[in-house]
Every structure is written in structure tokens, then in C-alpha cells.
Amino acid sequence: MDVSFILDDLNDKQRDAVAAPLQNTLILAGAGSGKTRVLVHRIAWLMHAYELSPYSLLAVTFTNKAAKEMQARIEQLVGVPPQGMWVGTFHGLAHRLLRAHWRDAGLKENFQIMDSDDQLRLIKRLMKAFNIDDTRWPPKQVCWFINAQKDEGRRAAHVVDSHDPFTRGMKELYFHYEEACEQGGLLDFGELLLRAHELLLGNPSLLRHYQERFAHVLVDEFQDTNSIQYAWLRILVGNQGSITAVGDDDQSIYGWRGAKIENIHNFSKHFPDVNTIRLEQNYRSTGHILKAANGLISNNDDRLGKELWTDSGEGEPISLYAGFNEQDEARFIIDIIKKWRDKGSNLSDMAVLYRSNAQSRVVEECLVREQVPYRIYGGHRFYDRLEIKNALAYARLAIDPNDDGAIERVINVPPRGIGERSIGTLRELARDQGYSLWKAAQVVAQQGLLPARATNAIRSFLELIEGMSSCIQQPELGLGDVFEQIIQEAGLIPFHEKEKGEKGEARVENLKELVSAASGFSWSSDDEEFSSPLMAFLDKAVLDAGEAQADEYQDSIQLMTLHAAKGLEFPLVFLTGVEENLFPSKMSFEEPGRLEEERRLCYVGITRAMEKLYITYAESRRLYGSESFNSPSRFISEIPTGCIEEVRLRSQVSRPVSMQRPTVNRPTSSVLSSMQKPVIDISMGDRVNHPVFGEGLVINSEGQGPQTRVQVNFDDEGTKWLVLAFAKLEVL
DNA sequence: AACAAGACCATTTTT
DNA sequence: TGGTCTTGTT
């Protein structure tokens, strides 16, 4: 068979990777080196060269987006959809296993998946029921604790006993939580992975079946795997199978949520006969940008080692801009954006990246003022919206009214006269008798345990849900009709319509959107694991967030966090707020290893840029209400001098005369040179002590060498300019 | 049940 | 600073 189409148009290294023998393979794919392409071509290669059936392949990614893209590209390359191949996210595939083998996994047939919101609600509910002090054990932390344990593959029973009461409380809560999930047939995200792993571990024949089936497993973004995902891969690959892991240790930025960079570092130790291939040729960025990225990341230890290169020229150097404050920073960015736009670039080719979401606002405000359209990435996801979750909760109740979480959510939404007191009675009865809330409501309605008005309200709620139940059983109704009915009967539309402001309108729109999403939902018949289309749809709603937002096709600037930017590329990129305490975030200073992760994050940011990169920071920044003075990030000084140059405002950027900013405030010294070879040991934001004026904060500086003057805001004496050479300042 | 005032809190995010 | 959640008032 002619397989040349699979290997043509690849560079040597890519070809090595694609056509690597059928054995354990680690592909270290640098940013912009054609990673996805290699993965897709490798799949095609395995099928053609080794005559592996798609049935014996499994490809796993982290996001639905990546999974969909891979699926589409395989199809595009091979010409037909790869029948029988498993392509999906870790969670999606684990879910699939559990649906197929729910009995072996010790689950109820109609188990439900909870998203993080449901999970937190459940924990709160539990803590109320057990009367646990939520100031000592904040629910969010409990949630975080449980998830972290699951990421490590630990059940409550595995948590080491501790003498410290806090941890003991956590462990106890974890036990309660496990029990509640068991009872309610509820699985959180971590549970999907943990349970799927246990399923295989505990069923040798099942395990053998899947090990024999999957001759080869492929993993994308391997550097982001956590312990349980890694364990799942290892057990699935077993001794006869093999694995291709694609990843980049320099882009491991999810350690804070359990990802283990060790997984990629120790890959060759844990899997036998590993063939390691490095993809270092970059097709995305200019030479200067790559040089900066390489230089920066070389400050990290313990790397597998990689150096990106390009043969497409140096390009423009990176520009560094020191904003006077965050407003000035934003204005500068927008000036450049407008210039690019006026030269004919698309706004969608430009991205503003920041470390934390809070930073976006200033930029947004400025963009609004200047009437430049923008789009924020990673906002609220469709299925996370309140109105959508409510509608889905009704649907869940229609399937199984004993779903306490769903009842709690919608029993009084829209308000129907079942207030806090009535719900309290239901909870009490349910707890004492071991009933579900639904059962408790039935009992209350029958025996009239509450005042007439409340009892009637409960009765009509029961009828409402029963009506929905029979509605979903009508086979002639499509999924869209079902949701139409549910929303109708629950009265959600008029409820949101009377909400004031635009909000209500948007919610009504979203509900309509839900109906159309439901009617467009295709339930492919090879998903036999699911007992009904509605159940499949509900699972999809939890596992697949839905497109970030069905956006208007308007050409717009892209705003996003650095994390959200991973995997994307833009001709023009702004890396903003590159200041100590912000980026690297001050939260990262305590724990070892976190700073290196911040550096990798910076590396990710730099390598997003194709043609031109601007790095900006502000000398003073108003964040969370108070003003802070941060020095330029250490990462700036870690970029090799040759590939970065400072923007001198006056000569390059025109600025409205009206803008009140005394030029004197702008440091005339080059920030770069002073950073790389500090003339003075004082920087903005330092606390200093003066023999006469006392303590103060350095808020500005001017001049260079012996002429350096600094402006200090003294605690008692106000602000003063001082010549560094004469003032006897002591840095505190 | 609706609304107002006050407390609290705030890296990063997918599933 | 501002957004969310809780508490208190009518």
C-alpha cells in the first residue's frame, strides 16, 4: 500500500516521530512544532503500516476541543471516520467505560455526573446536615481537598490518619461525601477517573479484554497528566500494548491542579524501551521570539531539554514597554492595536494575555472607550449558566425525582411558595427517615404536615414533576420538544422575563438556545452505553461545556489568561502585567517548584507570538482597590538582551497632549540596562529608611548612575524626590 | 418574597 | 475595587 501521503510534507524529525516503530514512544514536541499534526499522522501511519485496525487504537486528550479536532483531522487525512477507534478526553473515555460496565464498577445504572458546582453544593448540604463548622472547614477547601485526594487516587480510607484535627475533619468529611455520592448515584469528575481505574484493577478479565483490544494508546499533552490519569494509562497499556506520549515538559502549567511533571520526566523509567524524539523546529515564531523563549526557560532546572529553532529569520525584536500605571499600559496596547488594524491586520490576529482575570478589566474598559471590539476567552460556559442548570435539574428530576441535588436546586425556582421553612421540614424528615427529599415531600403532602398553603405548594410541585416524568416517556417527542415542555411547565420563561435589566432577556435567549441544542443533539447508535438520549444529553452537558460562546462573527481582539492561551497562536501578542508579585504571582513564592511553573507559563506566553511580541508592565497598579508598586518581573531580565528592546515612548508612540502625565515620571534610564546591570539597588516598591524622614515607599525613579533620583512616599513626611547619591537611604 | 445593606474575598481551569 | 453571598428589614 502506498503510504507516502502520510509521510510527505513532514520534516525529518516529524517523520521519525510519525514512523517510529510500534513501541513506547515519547515525542517531546516544542511549542509550534506541529504536534497535533504528528499525532494525527502517527495514527494514520499505525493503521496503514502495521495494519492496525482503528478498533485497536485509543487516543486521549484533555479537552473536548482537542478531542474533536483530532477526530476531525484523522478523518480528513484518512478520508473516512476511524470506525471503532476510541478518541476522547480522559473523563469522557472513563465515563464510557463506566456506562458500559456500571455493574462491575459498583454503580447504579442511572448514575449521574456532577460538575464542580454540583459538587460544592453537595458538600455544603452535607456539612449543614452534619452540623460541621464551615468556618473551620470552608466548603471550598473541603472540595479542593477531596479532589486533590482523588487526583492522587486516594479514597477516604486511604487518607493517612493525622493527629491534626483539621485533616481529621477533612477525612471524615470525605467519608460522608463518599457515602452521599454512593447513595445518590453521583460521580464527580475525579470519581470518573478513579472509578474507571478501580474497575480495571478489580476485574482481571475485563482488564485483559481492554489490554488486548488496545494495541496502542496515544496521549496528547502528556505533561499535564495527574497521578490517576497516569495510573489509568499504565494499567490500560499493560505489558503487551504500547504508548505514544506527546508533550512538552516546558509547557507544564497545571501542577496546581494535580498535574505531575514527573510523569513526563520519568516516562522512560516507567515504560520499557522508550524511543524519544524531539521536535524542535518551530513553524510559528520568529527567531527573536524563540531566542527569548529559549533563554527564559533555560533558567529552569530538571528539564528534558529542548531548544526551539526556526529557519524563517529573526524578525523584529520583542518590545518592552514600561507603563506608568495600568491605565497607561492599556492605552499603549490599544495604540499599537489600532496601528496594526490601520495597516490592515485583523483584530482576531491580536491577543492580549494576562496572568489573572482581574487584569482584563482595565483593558476592556479602554477597548470599550476606543470602540474596538474584543472577545474574552474562557468566560462562563454555556451549560454552567444558572438558568440552564435549572432547566437541566428539572430534566434530571423527570428521570429520577429522588435526585436531592436537583430538588434543592429548583424546588422554589421560580418561587412557588415553598420557602426555607418548608424545605427545612423536608430535609429534617428526609434525614430522620432516610428518605429522599422527594419521598419526604410526598409524605408531607399526603399527611399535611405543614400549613395548608405550604402543603398545597408542595403538592403542585409534585404534580409538576410527575407531569414532566410522563412527558419524557412519550417516545414521539424529540429531545428539543422535551426541553420545550419542561421549560414551559416550570414557567421558567416568564420567571426570567420579569427579571430586570438585560440579564433576564439573555437568560430567556439561553433557554431557547438550550432547546435548539437539545433538538440538534444526535444520539449516535454506537453509544449503546446510554439508556436514553436524554441521559446522554445530560452527561454531555456536564462533560462538554459547550462552545465558549456562539460568538458573533465580528472581528475582535482576543483577551485571555496565559493558561487559556496554551495551544493557540497569534501574529501579534501582548504579554501584560509582567511584574513581580503578579507574574510570577506572589502566591508562587512559598512552595518549591511553583516559580518554575510560572516561568513555564511565561514560556507558553512568549511562544504564542508569531510575528511580534510586546511585553508590558506598569510601575504602579491598582488592583483589588489598592495601589501597588511592583518591580518589573524577573522574567524580563531572564530574556537575552539581544532580542528585546525597550519602547521609548516619545519617539514611537504619539500620545494625546491632554493626557496628564509629567514626562519626569518616566524613567529616562533604560529599564533593561538597569535591570541587567543594576546601577542602584533600589527599585520601585521597596521600603526604605531615611535618617531624617523615616520609613517610606519608593514610588518612582529618574536618571541613571550618580544622577539617579528616586521619589519616596514617606509614611510621615509625604512624598519627596531624593538624589540617591546623597540621600542615605537604606533598603528595608 | 422582595429588596437593601453588609460581609467577605479575589491566581490560573478542564472535566 | 466590585462581584457574590448572607443577613436583616419591610
Side-chain angles (χ1 to χ4, degrees), chain A residues 60-67 88-95 113-121 124 134-135 138-140 144 147 150-151 187-194 196 221 224-226 228-229 252-259 326 353-362 365 377-381 383-384 386 412-422 453 457 495 498-500 539-546 548 560-567 577 581-591 594 597-598 600-602 604-605 621-628:
Chain A
V60 59
T61 63
F62 278 85
T63 65
N64 290 298
K65 196 175 151 210
T89 63
F90 279 101
H91 297 266
L93 297 179
H95 178 227
I113 307 170
M114 289 185 287
D115 65 16
S116 3
D117 183 54
D118 301 329
Q119 190 187 18
L120 189 62
R121 280 162 165 273
K124 283 183 181 161
D134 61 357
T135 50
K140 274 199 177 141
W144 183 86
N147 289 338
K150 291 195 178 189
D151 281 347
L187 274 72
D188 59 45
F189 290 129
E191 185 71 26
L192 287 171
L193 303 171
L194 186 50
E221 306 278 15
D224 289 333
T225 49
N226 65 26
I228 189 71
Q229 288 161 337
S252 164
I253 55 173
Y254 286 109
W256 51 274
R257 64 175 199 212
E326 77 284 354
L353 310 183
Y354 35 81
R355 177 66 240 266
S356 72
N357 286 306
Q359 288 165 250
S360 72
R361 194 153 82 238
V362 191
E365 280 165 0
Y377 248 69
H380 280 265
R381 306 174 317 167
Y383 292 110
D384 277 351
L386 178 110
N412 205 31
V413 177
R416 50 171 70 88
I418 307 177
E420 209 37 55
R421 289 194 57 105
S422 315
R453 188 144 41 116
F495 169 60
K498 38 173 211 267
E499 246 177 319
K500 55 183 174 189
D539 284 336
K540 178 194 134 80
V542 184
L543 283 176
D544 187 352
M560 67 192 84
T561 64
L562 284 150
H563 283 91
K566 192 168 89 163
N581 299 324
L582 210 64
F583 190 28
S585 153
K586 60 170 173 283
M587 323 285 278
S588 70
F589 295 154
E590 325 262 303
E591 254 179 284
R594 296 292 293 276
E597 183 157 309
E598 296 281 309
R600 293 194 289 270
L601 191 55
C602 188
V604 167
R621 179 176 299 271
R622 183 164 273 280
L623 203 64
Y624 301 138
S626 55
E627 200 168 23
S628 52

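Everything numeric in this text was worked out from a predicted model, so none of it was measured. Lettering of chains follows the sequences in order, A, B, ..., and the numbering in each one begins at 1.
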Assign [X] to base, sugar-phosphate, or nothing according to its heavy-atom contacts below 4.0 angstrom with the strands shown.
{"X": "Phe62(A)", "result": "sugar-phosphate"}
{"X": "Asp115(A)", "result": "nothing"}
{"X": "Gly190(A)", "result": "nothing"}
{"X": "Gln359(A)", "result": "nothing"}

Nearest-Å distance, [atom1] ([X]) to [atom2] ([N])?
{"X": "Gln119(A)", "N": "dT13(B)", "atom1": "CD", "atom2": "P", "value": "18 Å"}
{"X": "Ile418(A)", "N": "dA1(B)", "atom1": "CD1", "atom2": "C1'", "value": "14 Å"}
{"X": "Leu353(A)", "N": "dT12(B)", "atom1": "CG", "atom2": "C1'", "value": "13 Å"}
{"X": "Glu221(A)", "N": "dT13(B)", "atom1": "CD", "atom2": "P", "value": "15 Å"}
{"X": "Lys150(A)", "N": "dT15(B)", "atom1": "NZ", "atom2": "C1'", "value": "13 Å"}

Within the pair [X] and [N], is there a side-chain N or O less than 4.0 Å away from OP1 or OP2?
{"X": "Ser116(A)", "N": "dT15(B)", "result": "no"}
{"X": "Asn412(A)", "N": "dA1(B)", "result": "yes"}
{"X": "Arg257(A)", "N": "dT12(B)", "result": "no"}
{"X": "Asn64(A)", "N": "dT14(B)", "result": "no"}
{"X": "Asn357(A)", "N": "dA10(B)", "result": "no"}
{"X": "Arg594(A)", "N": "dT11(B)", "result": "no"}
{"X": "Tyr354(A)", "N": "dT11(B)", "result": "no"}

- Hey, are Arg600(A) and Glu597(A) close enough for a salt bridge, meaning a charged N less than 4.0 Å from a carboxylate O?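 A salt bridge links Arg600(A) with Glu597(A).
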
- Query: Can Trp256(A) be called stacked on dT12(B) when the rule is centres closer than 5.5 Å and an angle between planes below 30°?
  - Reply: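 Yes.
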
- Please work out whether the ring planes of Tyr254(A) and His563(A) are parallel, tilted or perpendicular, with thresholds of 30° and 60°.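 Ring orientation, 0 to 90° scale: tilted.
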
